Amino acid sequence: CAKGGYHGQFTSVECQCRGLHPDLCMPTSCGTSVDLLDAGGRPKSAAVCWRYSFRWHLDMAKQSGGAMVQLVEDQTLGAGQVIEEEMAEDVGIHIIRIHDGKGDYVRSSGSREFVNVDVPEHVRNL
């Protein structure tokens, strides 16, 4: 959404956008044009900010009893995954982490509990 001048820096944690509806006018609201959303807030264009779209899907998953799944590689979340984690914690959805088995992962933030699953070595070697 290029909020705060971070255009092209899609996974910058410095960009305050955390996918909240633009009409909320909060620091973490998205800069996406409401013209790209239907009346219920559903993204109707590929031009919608990925953070808004991701959060909208998190909200839908929570409403249906779903969870968010993350793959953790080399014991580390990528910059975009850290943003996803923040949004998931804010939405209140469970996070399932699948680890590549290369050591112990240390949570990046917050206090929520996670389901952590290690990928068996025979699967990692496929």
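From a predicted model like this one, the values you see are computed outputs, not experimental measurements.
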Identify the two heavy atoms, one from [X] and one from [Y], that lie closest to each other, and give their separation to 0.1 Å.
X     : Y     : result
Arg97 : Gln70 : NE-OE1, 2.7 Å
Ala67 : Ile96 : CB-CD1, 4.0 Å
Cys49 : Cys17 : SG-SG, 3.9 Å

Determine whether [X] and [Y] fall in the same hydrophobic cluster, where Ile, Leu, Val, Met, Phe, Trp and Tyr are linked whenever their side-chain heavy atoms lie under 4.5 Å apart.
X     : Y     : value
Leu58 : Tyr52 : no
Trp50 : Met68 : yes
Val91 : Trp56 : no

**OP:** Could you name each residue pair satisfying salt bridge (Lys or Arg N to Asp or Glu O under 4.0 Å) that touches residues 15-28, not counting sequence neighbours?
**Re:**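 Qualifying pairs, neighbours excluded: Arg18-Glu86.
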Separation between [atom1] of [X] and [atom2] of [Y], rounded to the nearest 0.5 Å:
X     : Y     : atom1 : atom2 : result
Gln81 : Ile95 : CD    : CD1   : 10.5 Å
Thr28 : Met87 : OG1   : CE    : 10.5 Å
Met60 : His57 : CE    : NE2   : 8.5 Å

Show every donor-acceptor pair shorter than 3.5 Å between a side-chain atom in residues 34-43 and any protein atom, with sequence neighbours excluded, or say none if there are none.
unit_1, atom_1, unit_2, atom_2, d
Asp38, OD1, Gly40, N, 2.9
Asp38, OD1, Gly41, N, 3.0
Asp38, OD1, Arg42, N, 2.8

Original post:
Is Glu73 reaching over with its side chain to a backbone N or O of Gly78, donor-acceptor style, under 3.5 angstrom?
Top reply: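 No; zero donor-acceptor contacts below 3.5 Å.
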Original post:
Do the side chain of Ser29 and the main chain of Met26 share a donor and acceptor less than 3.5 angstrom apart?
Top reply: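 Yes, because the side chain of Ser29 sits within donor-acceptor range (under 3.5 Å) of the backbone of Met26.
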**OP:** Show the numbers, then the answer: is there a side chain to side chain contact (heavy atoms under 4.5 Å, CB included) between Arg55 and Asp59?
**Re:** CA-CA 6 Å; Arg55 187 184 190 101; Asp59 286 332; 4.2 Å; yes
